[in-house]
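In what follows, every chain begins at residue 1, and chains take the letters A, B, ... in the order their sequences are listed. Computed over heavy atoms, backbone and side chain alike; hydrogens, waters and symmetry mates excluded.
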There are 2 protein chains.
Amino acid sequence: MEVSVSQENYLKTILKLERSEGIASNQAIAQNLDSTPAAVTGMLRKLCEEGLVEYEAYQGAKLTQVGEQHALSTVRKHRLWEVFLVEKLNFRWDTVHQLAEELEHIGNEDFVNRLAEFLGNPLFDPHGDPIPDAAGNIRERVDVVFSSEAEAGTMFVVCGVSDSSDEFLRHLNRLGIELGSKYHAVERFEFDGSMEWSNNQGARILISSGVSEKILIQVHA
Amino acid sequence: MEVSVSQENYLKTILKLERSEGIASNQAIAQNLDSTPAAVTGMLRKLCEEGLVEYEAYQGAKLTQVGEQHALSTVRKHRLWEVFLVEKLNFRWDTVHQLAEELEHIGNEDFVNRLAEFLGNPLFDPHGDPIPDAAGNIRERVDVVFSSEAEAGTMFVVCGVSDSSDEFLRHLNRLGIELGSKYHAVERFEFDGSMEWSNNQGARILISSGVSEKILIQVHA
DNA sequence: ATCAATTTTTAGTCTGGCTAAAATATTTTT
DNA sequence: AAAAATATTTTAGCCAGACTAAAAATTGAT
């Protein structure tokens, strides 16, 4: 029962949609994979035959147990490789996605587990996304909110982003924001929702609402 | 100019044959890749069009400069991954070939060079095969001969194998022979070419001619 | 010059995934 | 509840990449 690269990408997408929407519609899958609904129907049939998704015509798709395990394993590999690339090979966090996208399709469970072990079984990837453990469990973070919710006057630490696109990450790079950066929310301008932050050297930056809504933070006690 | 996985395997094979036979015949390529001469002809045409091999009908194939660089880069990746798998992930040397075969097709020059750097720019892989540097140079070993040539009475160290198949490496594992193992050539039996070796604990093993002809050694001064 | 071995051509197969357009279901609106 | 809008599926076929089997052509050796 070999799962192709394309199939693994479908499984990952369905997992994501199932978590965010409850069910993966044909159209949403097509959009995510830059494909068409007709193509999706064909693939869902195959995945259903192989026992990876539950699928009835017109009812959208859900992963089976087996399918979900497989998808989680792929996500695990992807995020572990990102850790490897950033921590061991000194890649910047905004340049690792594509490479990890290729590496995630290689090897078996044993291989992934050894990689995880080698990396010290990290819990989060360089974008702050949680890494499923060998059994597929994801420890969701608590006390994490979008930076747009930060009250003026609070201190916080950047712990993730909800958009890992190259463009967004490069923008954060230009702003000097990275995982673990600490800031003080100086003020929110109700006019357009933008915010002013200051770092521990006192330098101030202006953050647009679009950006602050994509940055995950943990507020300091 | 994208080079497919299959094409990279052709380039690797042609490189190997060119080094051992001077030119890569259609038939030899087919044998190596477990394919047929007709299929090889088709692929050679494509590789020729893409400027990766020099090819004239009925005359066999040779790599161009570009093709050779590409092949060497693939070999470099393969061998570096083997080092990674054995040294960092604790795989046994007889279990890494298949995985490296998949990993070798991923990523660009920058990626490989960072991997090499991370591994300390090793010169040999876990089977004793030399790793090309970033420019494609291979430092060939000197004073290396097949163990079948060892004179009775000499001491030597195992530094490579000419057959990296799973079966052969597993056999060496059962015999307790690995890279860096030191032995004393006790005697060669002219009857069938088999040899008796002893290690530094005095334990003796019998090596068939078939095996001794695939083990590379360096004789101690 | 002929024959054996090798290589190429021809013609077609197979897989995996895709598309476009038509047909069918479902959902929403009124 | 019927009509309209939306979403999904079917149909039919394309396309790339790599392969095969058998026939034809070429080469090289004697």
Between C1' of C:dT15 and CD of A:Gln7, the distance in whole Å: 12 Å
Axis deviation across the helix from C:dA1-D:dT30 to C:dT30-D:dA1, five-pair ends, to the nearest 10°: 10°
Reported OG-to-OH distance for the pair B:Ser4 and B:Tyr10, which is rounded to 0.5 angstrom: 9.5 Å
Side chain of B:Ala39 - closest among D:dC19, C:dT8, D:dT9: D:dC19
Nearest-Å distance for atom pair CD/P, residues A:Gln27 and C:dT27: 14 Å
Side chain of A:Thr41 (C-beta onward), nearest among C:dC18, D:dT10, D:dA22: D:dT10
Listed nucleotide nearest any side-chain atom of A:Lys46, set C:dG16, D:dT9, D:dA18: C:dG16
Nearest listed nucleotide, side chain of B:Tyr10, among D:dT9, D:dC19, C:dT8: D:dC19
Interatomic distance where CG belongs to B:Leu44 and P belongs to C:dT6 [whole Å]: 16 Å
A:Leu47 CG - C:dG16 P separation (whole Å): 13 Å
Nearest listed nucleotide, side chain of B:Asn26, among C:dT7, D:dT10, C:dG17: C:dT7
Residue pair A:Leu119 / A:Leu80: nearest heavy atoms and the distance that separates them: CD1-O, 3.3 Å
Protein-nucleotide distance (A:Gln31, atom CD; D:dT6, atom C1'), rounded to Å: 14 Å
Cation over ring face, A:Lys88 and A:Phe118, 6.0 Å, 45°: yes
Please produce a list of atom pairs where a protein N or O lies less than 3.5 Å from an N or O of nucleotides 23-30 of chain D.
residue : atom : partner : partner atom : Å
D:dT26  : O4'  : B:Tyr58 : OH           : 3.3

Rounded distance in Å - CD1 (A:Ile23) to P (C:dT27): 11 Å
Presence of A:Thr36 side-chain N/O under 4.0 Å of C:dT19 phosphate oxygens OP1/OP2: yes
Closest to side chain of B:Ser6, choosing from D:dA18, D:dT9, C:dT9: D:dA18
Distance below 4.0 Å between A:Tyr55 side-chain N/O and D:dT8 OP1 or OP2: no
Integer-rounded Å distance: C:dT9 C1' and B:Met43 CE: 18 Å
Point-to-point distance, once rounded to the nearest 0.5 Å, from CD of A:Glu178 to CG of A:Leu172: 10.0 Å
Candidate nucleotides C:dT7, D:dT10, C:dT9, ranked by approach to the side chain of A:Arg45 - the nearest: D:dT10
Between P of C:dT8 and CD of B:Glu56, the distance in whole Å: 11 Å
